[in-house]
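Residue indices begin at 1 and follow the sequence shown. Quick note: numbers below take in every heavy atom, side chains included, and nothing from hydrogens, waters or symmetry partners.
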Amino acid sequence: MKCKSNLFLAFLFLNLMTFAQKTTIIELKSGWKFAKGQNEKAFENSFNDSKWQSVTVPHDWAIYGPFDKEVDKQVTAIVQNGEKVATEKTGRTGALPYIGEAWYRNQFSVPDLNKDKKVLLLFEGAMSEPKVFVNGKKVGEWNYGYNYFYFDITDFVSANAKNNLAVHLSNKGESSRWYPGAGLYRKVKLIVKNKESIDQWGTFITTPVVSDDLAKVNVKTKISGENLRIITKIKDANGNEVATNESNALFGNEFEQNIAVKNPHLWSPETPYLYTAISQLYDGDVLKDETSTRFGIRTIKFEPNKGFSLNGQIRKFKGVCLHHDLGPIGTAINKAALRRQLTILKDLGCNAIRSSHNMPSLEQLELCDEMGFMFLAESFDEWAKPKVKNGYNRFFEKDAEKDIVNLVHATRNHPSIVMWSSGNEVPDQWGAEGVKRAKWLQEIFHREDPTRPVTVGMDQVKATMESGFGALMDIPGLNYRVHLYDEAFKKFPQGFILGSETASTVSSRGIYKFPVEKAVSKQYDDYQCSSYDLEYCSWSNLPEDDFILQDDKPWVIGEFVWTGFDYLGEPTPYDEKWPSRSSYFGLSDLAGLPKDRFYLYRSRWNTNEKTLHILPHWNWKGREGQTTPVFVYTSYDSAELFVNGKSMGIQKKNNTSPQKRYRLMWMDIKYEPGTLKVVALDKDGKAVAEEEIHTAENPYQIKLEADRTTLEANGEDLSFVTVSVVDKNGNLCPTATQQLNFSVNGKGIYRAACNGDATSLEQFHLPTMKLFSGKLVVLVQSTTEAGAIELSVTGKGLKSAKIALQSK
Ligand code: GAL
């Protein structure tokens with residue numbers, strides 16, 4: 001290990017020598033030591049960390065559990081949910097041990113450090129309240145755990161020596177409404193530059209003029225130094241240079257270049273075309289710095305009565321809200337996990353993401369640029385007035401401006417970002433102070449980025465109508481409150497409304513409850529919610545209430561469904577029930593497995609592929625002869641249902657109820673085991689597609705399906721293997737709950753498993769878990785060595801299974 005890290009340093013040294021004139025970025029990934037429970041005073045430069053745990057960063061110290069009812073038990077009334085009386089909320093933040101203090105330590109060297117260099121230390125997020133020390137001296141602190149920040153540590157580092165880096169983190173209880181994660185959960189980077197160089201986040205690229213044959217690319221570059229010149233080259237997606245521009249006209253500390261790109265390829269969700277701007281900074285003929293910035297050419301407009309258009313085409317946001325945790329691996333950022341989420345969302349037909357309720361990871365933005373998702377980048381869940389005692393309210397007055405500045409500077413070149421959000425359901429919606437704050441924040445966004453509008457997710461719509469809060473926003477965003485859309489449209493001057501947060505319908509994958517009926521905040525003894533998708537919260541609504549607004553009101557510019565995936569914490573409607581510890585809102589569960597509701601949205605959103613999905617499952621031993629409604633979520637207009645070959649009649653979508661407009665429902669089906677078949681019909685009644693499900697016999701064997709079988713041998717790539725149990729004929733056993741065991745051989749490791757059961761207290765990183773509704777997902781991680789990997793899954797009484805993966 002030692003020898004490996006020496007080799008690594010030698011490699012770095014060589015790299016630094018070769019490119020000494022340019023900026024060098026070193027990710028501090030390995031070599032970290034971690035200890036929890038140390039208070040800040042325990043720090044000394046000579047602190048003995050030999051007994052500390054060795055970890056790699058990104059790291060989430062709390063995800064390993066165990067789940068514990070007592071962790072962050074909040075006795076509170078959740079005001080925004082309409083509660084008046086305080087009750088005990090367990091699992092609100094996931095019941096995982098995120099609270100407390102901890103230290104991370106590492107060492108680094110800066111081999112060619114000299115008086116012409118500067119050294120920055122960049123954190124892409126640290127949960128939370130990081131205090132950073134280099135060689136025993138404090139270099140700075142940053143309160144907000146979700147933001148990107150950096151410090152200039154030039155005066156703290158020494159050349160050709162090991163520099164000690166220590167980061168102290170502290171998470172208070174009652175500081176969050178969901179699982180915030182804990183630790184250095186995003187990347188840490190050391191950046192070595194010339195003093196004369198392009199500033200960190202100093203490049204700002206916009207495309208103010210775009211037509212079919214020409215785009216004006218405006219590149220502003222902030223630099224440090226004098227008498228320098230800049231050359232910016234624009235390369236297309238194949239790396240061919242398409243334009244270049246040189247300038248020596250420095251205004252203040254900024255170059256501004258306008259570069260013409262002929263016949264531009266426009267960025268859109270369907271054509272996520274990316275250009276790269278390479279900017280080189282010269283002093284005479286000496287190259288002082290070079291940066292590479294990816295960007296897209298596109299236009300956005302929000303216009304009264306017309307709505308939102310991208311590249312001149314009106315379109316609606318078919319969006320989902322996402323919290324930042326990645327289920328079983330917690331908040332530690334992982335590109336493979338993010339890519340899988342987005343792949344699932346592409347299949348859904350989703351075109352937009354809202355990073356609720358904080359700054360997104362840079363990796364997520366990179367993937368949205370590449371894969372084609374529009375982005376609503378949010379900043380805060382609280383302003384000055386608290387939702388939770390120890391939330392951002394403690395820092396708002398002092399930090400809000402610098403937090404927004406960093407959000408904008410670090411992310412503004414991502415073409416995916418089409419709007420900013422300065423807040424979500426902030427209690428400051430009430431009162432004159434809140435109006436001032438809304439204006440202040442919006443103006444900071446405008447000052448830092450004049451190209452994108454700003455929204456706030458508003459739930460106190462009446463209050464914001466009266467106070468002027470809603471009228472001043474660039475984009476009035478309504479969270480729920482479907483009954484107020486019309487009024488808000490009339491009262492607000494903008495001429496359009498965004499469904500910034502919608503639905504909050506709840507369900508558990510593969511669980512169905514009888515009788516089938518609409519219900520508000522319904523609870524059951526097993527702490528699950530029905531996948532007939534008729535249960536919602538007192539403040540929210542069913543999907544169709546939003547669909548109707550989206551379809552019938554041209555001035556509604558889209559929606560962001562709460563949520564794309566289940567997340568850790570906020571186990572509504574079981575906030576007070578243990579052991580519920582994760583949400584029920586997702587279209588997919590915590591393991592990323594689609595629930596039925598996924599297909600309801602897919603049937604509207606995915607316009608490239610048809611949807612024909614039947615629910616419930618058909619294994620109802622004991623319900624023989626009892627009414628067991630069958631729903632079909634489909635992009636077809638009508639269909640005929642057959643139970644064991646007998647027609648149950650044709651259903652056609654119609655306007656007699658919101659549900660009947662979007663779902664096909666056979667409410668009176670009497671259960672009998674066998675085959676349930678649906679045949680979709682075209683306008684002339686001709687059969688055009690069919691689907692069937694079967695009553696499964698006893699669980700017989702394990703089945704494995706990997707999302708990817710070839711991984712990158714980089715020690716962080718992941719294959720998500722869906723594990724299901726099937727009968728002798730290959731039918732999914734939808735009620736199977738067997739305990740399974742996992743082992744990984746070869747050049748991979750077992751990383752985690754998740755079954756999507758919001759009440760499961762099994763720890764994700766242990767190689768055993770029970771199935772939930774016949775399925776779970778195992779995450780296999782590559783090592784840094786290439787080669788064959790094999791995952792084996794066994795379970796008592798079941799034929800086991802193996803799957804071969806490989807890493808390259
Ligand atoms: C909203 C809130 C979200 C989440 C959701 C649950 O009011 O913005 O963060 O709490 O309710 O329905």
Ion pair present between [X] and [Y], side-chain N to carboxylate O less than 4.0 angstrom?
X: Arg315; Y: Glu270; value: yes
X: Lys187; Y: Glu124; value: no
X: Lys335; Y: Glu366; value: yes
X: Arg447; Y: Glu443; value: no
X: Arg186; Y: Glu363; value: no
X: Glu129; Y: Arg394; value: yes

Please list, chain by chain and in numerical order, all residues satisfying side chain to side chain donor-acceptor pair (under 3.5 Å) with [X], sequence neighbours excluded.
X: Ser279; answer: Thr232
X: Gln313; answer: none
X: Lys220; answer: Asn218
X: Arg340; answer: none

Assess, by modelled atom type and distance only, whether the side chains of [X] and [Y] contain a donor and an acceptor separated by less than 3.5 Å.
X: Asn406; Y: Asn147; answer: no
X: Asp60; Y: Tyr98; answer: no
X: Thr293; Y: Asn413; answer: no
X: His446; Y: Asp474; answer: yes

Above 12 or not: heavy atoms from other molecules or residues under 6.0 Å from NZ of Lys346?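 Atom NZ in Lys346 is packed in, count exceeds 12.
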
Check: For Asp285, does the CG atom have more than 12 heavy-atom neighbours from other residues, nucleotides or ligands under 6.0 Å away?
Finding: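 No, the 6.0 Å shell around CG holds no more than 12 heavy atoms from other groups.
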
Specify whether [X] and [Y] have parallel, tilted or perpendicular ring planes, treating 30° as the upper limit for parallel and 60° as the lower limit for perpendicular.
X: Trp103; Y: Phe133; answer: tilted
X: Trp383; Y: Phe396; answer: parallel
X: Phe496; Y: Phe302; answer: tilted
X: Phe34; Y: His59; answer: perpendicular

Do you know which two heavy atoms are closest between [X] and [Y], and how far apart they sit?
X: Asn424; Y: Glu378; result: CB-OE1, 3.7 Å
X: Ala352; Y: Phe317; result: CB-CD2, 3.9 Å
X: Trp267; Y: Leu274; result: CD1-CD2, 3.7 Å
X: Ser355; Y: Ala377; result: OG-CA, 3.7 Å
X: Gly181; Y: Asn171; result: O-ND2, 3.9 Å

**Q.** With Phe149 via ring pair (Phe, Tyr, Trp, His ring centres under 6.0 Å) - residues at least two apart
**A.**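 So Phe149 forms a ring pair (Phe, Tyr, Trp, His ring centres under 6.0 Å) with Phe123, Trp142, Phe151.
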
Lys/Arg cation over aromatic Tyr282: Arg229, 6.0 Å, 45° cone: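 Yes, a cation-pi geometry.
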
- Between Tyr146 and Phe380, is the gap from one ring center to the other below 6.0 Å?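 No: the rings miss the under 6.0 Å criterion.
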
Requested in this report: May I ask you to decide if Ala384's main-chain N or O and Asp428's side chain share a donor-acceptor pair within less than 3.5 Å?
Outcome: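 Yes; judged by distance alone, with no hydrogens or angles, the pair exists.
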
With a cut-off of 3.5 Å and sequence neighbours excluded, list every side-chain donor-acceptor pair involving residues 195-204.
unit_1	atom_1	unit_2	atom_2	d
Lys195	NZ	Lys115	O	2.8
Glu196	OE1	Lys288	NZ	3.4
Ser197	OG	Asn194	O	2.6
Asp199	OD1	Ser224	N	3.4
Asp199	OD1	Ser224	OG	2.8

Tell me, do Leu165 and Val167 make a side-chain contact under 4.5 Å, heavy atoms counted?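 A side-chain contact under 4.5 Å exists here.
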
- Query: What do the steps show when you test Arg452 against Ile300 for side chain to side chain contact (heavy atoms under 4.5 Å, CB included), and what is the final call?
  - Reply: CA-CA 8 Å; Arg452 295 177 178 93; Ile300 52 169; 4.2 Å; yes

